[in-house]
Amino acid sequence: MNVFTICSDRQKGLLQAVPTVFSNCYHSYCMRHLASNFRSDFKDLLLERLFRRAARTLRESVFKETMEKIKAKNERAHKWISNIPKENWASFYFKGDMYDVLTTNRSECFNAVLKDARKLPITSLVEHTRHQTTQFIQKRQKLGSSWHTKLTHYAEERIESSLRESCQYTANRVRTHEFEVKSLETTNSVDLITRMCSCRAFQTYGLPCGHAVAAINITEFDPYDYCDECFDAERYQDTYVEVVHATLDRTQCHESPEPLMTILPPLAKRPPGRPRTRRTDRELKG
Ligand SMILES: [Zn+2]
């Protein structure tokens, strides 16, 4: 089984279930949920911003420096953050593939789409869900087919940005696949076989960083040869290739050979007021 990443809201049951059921997966904690809990406890925008910065940075020195700043400002906040294993929320220490995704926003968005259906009766709920799913897929089919590029829109933009950034670097080949990439202030090391850069962006985002593009530019290859295939526009289109077919009305349904099962409605709610057994002696005496 492939190792993959599960991003969750750190709900108590999930904290126990994920390592048990998905023992070989990496578990990341949604930064939006963490920051929201942090905000309720500390109500300090600057501290929250520092917390988010510590989560996003790919440099250990920046992580440590940011955590020190938090400690100097509020020791209790520093302790609060330190109690959560950094391997589960800080990009620098996370071992799995995050692709720059620090939140569960994608599933929350789908959750919001189906929110209105929750109070509907069962058949309407199923129909509403089917209708929303059809629209969800159709919208993405349309978007995917509008791209005439090799990669998705998001990935193309990131590559464009890396291409612009690469202009400030000079790359030198150290050995066949290893390069030293220099600017006026920095030196980074790029390995094109392992697809790694010492800035960590290449391996974290699955797309060549500016240093990697500078290195690739002095080879016979192309930056597109070093993009994770999950960013292929064709992959995106394949994801939404299936359709949810229309559900026909009752007159067009085939009779089931199985006897129909009667599903009873839920038990009626108890009428308001105290239960009879808890009536006071005085009421019983009348
Ligand atoms: Zn880099």
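Both counts, for ligands and for their atoms, begin at 1 and track the order of listing.
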Is Asp100 salt-bridged to Arg56, going by a charged N under 4.0 Å from an acidic O?
yes
Side-chain donor/acceptor of Thr57 to backbone N/O of Ala54, under 3.5 Å:
no
What I want to find out is whether Glu229 reaches Arg235 closely enough, with some N-O distance under 4.0 Å, to be called a salt bridge.
yes
Going by atom types alone, do His211 and Ser166 pair a side-chain donor with an acceptor below 3.5 Å?
no
Salt bridge between Asp9 and Arg32, side-chain N to carboxylate O under 4.0 Å?
no
Under 2.8 Å from the Zn ion (ligand 1), which protein N, O or S atoms do you find? Ignore water molecules.
Cys197 SG, Cys199 SG, Cys209 SG, His211 ND1
Going by atom types alone, do Glu156 and Tyr224 pair a side-chain donor with an acceptor below 3.5 Å?
yes
